[in-house]
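Count residues from 1 along the sequence. When reading the values below, keep in mind they use all heavy atoms of this one structure, side chains included, and skip hydrogens, waters and symmetry mates. Counting starts at 1 for both ligands and their atoms, in listed order.
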Amino acid sequence: MSLISLPTQPYAGQRPGTSGLRKKVTVFQQPLYLENFVQALFDVLPAATGQTLVLGGDGRYHNRVAIQSILRLAAAKGYARVLVGQGGILSTPAVSAVIRRHGASGGIVLSASHNPGGPEGDFGIKYNVANGGPAPEALTEAVYQRSLQLQVIHSSDSPDLPLDALATLALDGMAVEVIDPVADYADLMRSVFDFDAIRRLLASGFRLRLDAMWAVGGPYARALLEGELGAPPGTVVNAEPREDFGGLHPDPNPVNAADLIAHLFAADAPDMGAATDGDADRNMIVGRHFVVSPSDSLAVLAAYARLVPAYQAGLRGVARSMPSSTAVDRVAQDLGIPCYETPTGWKFFGNLLDAGLVTLCGEESYGTGSDHVREKDGLWAVLFWLNLVAVTGQPVDMLVRELWLRHGRCVYSRHDYEGIAPERAQALMRELRAALPYLAGQTLAGQTVALADDFAYTDPVDGSVSRQQGVRVILQDGSRLVFRLSGTGTEGATLRLYLERHEPDPARHDLPVQQALAPLVMLAEQLARVRHWTGMAQPSVTT
Ligand code: G1P
Ligand code: ZN
């Protein structure tokens, strides 16, 4: 055991963002940078005697190095046992499932989610608590405070452990169990869905293309879809996790998963397409010649949930992040169940799920999940859609079109302005916030402003308040504009502008989305001087 003292704190103030601490790989490669953060975390957690820690990552560059360091720190902290995924691999939803199944006190996920990987890419670390979900703000804040004062790092001196074969190893007095990364997760999926129905669908010639984007979703999708559910080999493409994700940006949206979109819009397109992100918690669903927006996906899952074995008794409630479209609100109203609106970030769903207030939740950013774990879950969403297609006999696009017919279409888009100088992004938000008190009641774009505020959320379970979660401007017809700055970027600031307009008229459901939203984009410009502050005439990414 060695004690490394830090006479001056080199990395004071490592502040985790929306989803843990995310930085360039080169930042994480600085001596003791990762150890500093993990030690700050271990210092604020209670004693680990007798406890189990889960450890794994999405296999990106630096994963293996980080895992060995964390094992040494965990031994010094006094954990009884660490469950580590074979080869250092565990998807984010699998970490959540393993924590819950094995009664672990928490887990560490190594990932920068959908951010690019490789030596020039990003790396990240996140702590999940005993319910399997991301640490609450109070804990991440305590870690940050501790990182300001940290003076000593406690680490084992043991050499690296071999993690490529299933085994039970020892590190000082701590047991290290190298586990199958898929097994627990696969069991959980079997308990949620009607595997027989999905098997019959796939046997009937229904063709699926799942693009794992050379990331961690691949092994899970292969084992379940090709291995167990009988999908033909080759259904899962880009399936082997690579340290640099094959140079792709493993973010499942139509821009980054352009190849999948091209396949689903080809003349001989398969019946359904899907993609998962770096750590397999995000998902994109695509029908034949039809892209499903994530907010619509959540609404469809909610509307048909009773057809899935685990949700047969109905949903207790649903939740969506504030910038997500209101499609699921309409379904919830129809079902007579509550719908909660939370700030961006999965951690806000944890209390609602734990308290049994909601069963399903989701975000516009290609994240959907339920109370089966405490993370969003990409493959779960794909299986959910397959289950629905199997038991309704309806193709993907029809399920969405029926939603629109019943509730109107929430025409929706997100415009991202990336790499803005942080002070200019802050200035935009400051100016916008300053204008808020004057907006309500004004007429803008021919409509009265029904509400203009900076979203604040009071957690209904623990009463904690999160302020300044994004500026929203809602017009009298329900159209919404939301402005917020990303909490996950690693280069400059990113402004996200979210646009939503409700279209009740079925004859207008197929109008191009950007065209339908153009008046709202003009209004956003008028309100926030987006071009001036970002220096960009167009968003960098539109989804
Ligand atoms: C983004 C998404 C958000 C999601 C988070 C982690 O955060 O917008 O919905 O929870 O990634 O996957 P942002 O960069 O907007 O802070
Ligand atoms: Zn992710």
Problem - Plane angle bin for Phe193 and Trp380 - parallel if under 30°, tilted between 30 and 60°, otherwise perpendicular - result: tilted
Exercise for the section: Please state whether the rings of Phe384 and Tyr311 are parallel, tilted or perpendicular, taking 30° and 60° as the class boundaries. Expected result: parallel
Looking at ligand 1, does any of its N/O atoms fall within less than 3.5 Å of an N/O of [X]?
X      : answer
Thr344 : no
Ser113 : no
Tyr498 : no

Problem - Phe290 and Trp404 aromatic centres sub-6.0 Å - result: yes
Exercise for the section: Kindly state whether the ring of Tyr61 and the ring of Phe123 have centres lying under 6.0 angstrom apart. Expected result: no
Identify, by atom number and element, the atoms of ligand 1 in contact range of [X], meaning under 4.0 Å from any of its heavy atoms.
X      : value
Lys376 : 4 (C), 6 (C), 10 (O), 12 (O)
Arg496 : 8 (O), 13 (P), 14 (O), 15 (O)
Gly345 : 10 (O)
Arg414 : 8 (O)
Gly487 : 13 (P), 14 (O), 16 (O)

Whether [Y] and [X] form a salt bridge (side-chain N of Lys/Arg under 4.0 Å from carboxylate O of Asp/Glu) is what I want to check.
X      : Y      : answer
Asp259 : Arg209 : yes
Asp122 : Lys23  : no
Arg222 : Glu240 : yes
Asp184 : Arg101 : yes

Exercise for the section: Step by step, work out the side chain to side chain donor-acceptor pair (under 3.5 Å) result for Tyr498 and Arg472. Expected result: CA-CA 9 Å; Tyr498 308 82; Arg472 46 179 191 171; over 6 Å; no
Handout entry: Atom nearest to the Zn ion (ligand 2) - Asp279, N, O or S atoms considered
Key = OD1
Practice task
Write the atom name of the N, O or S atom in Asp277 that is nearest the Zn ion (ligand 2).
Solution key: OD2
Problem - Options His114, Arg282, Glu364, ranked by nearest heavy atom to atom 1 (C) of ligand 1, top entry - result: Arg282
Exercise for the section: Run down the list Arg22, Glu375, Arg484 and name the one with the heavy atom closest to atom 15 (O) of ligand 1. Expected result: Arg484
Exercise for the section: Using a cut-off of strictly less than 2.8 Å, determine whether Asp281 has an N/O/S atom near the Zn ion (ligand 2). Expected result: yes
Problem - the Zn ion (ligand 2) contact by Thr92, N, O or S atom under 2.8 Å - result: no
Exercise for the section: Heavy-atom distances under 4.0 Å are what count here, so tell me which part of Ser486 touches ligand 1: side chain, backbone, both or neither. Expected result: both
Handout entry: Qualifying residue for side chain to side chain donor-acceptor pair (under 3.5 Å) with Arg320, from Thr342, Asp329, Thr326, Thr368
Key = Asp329
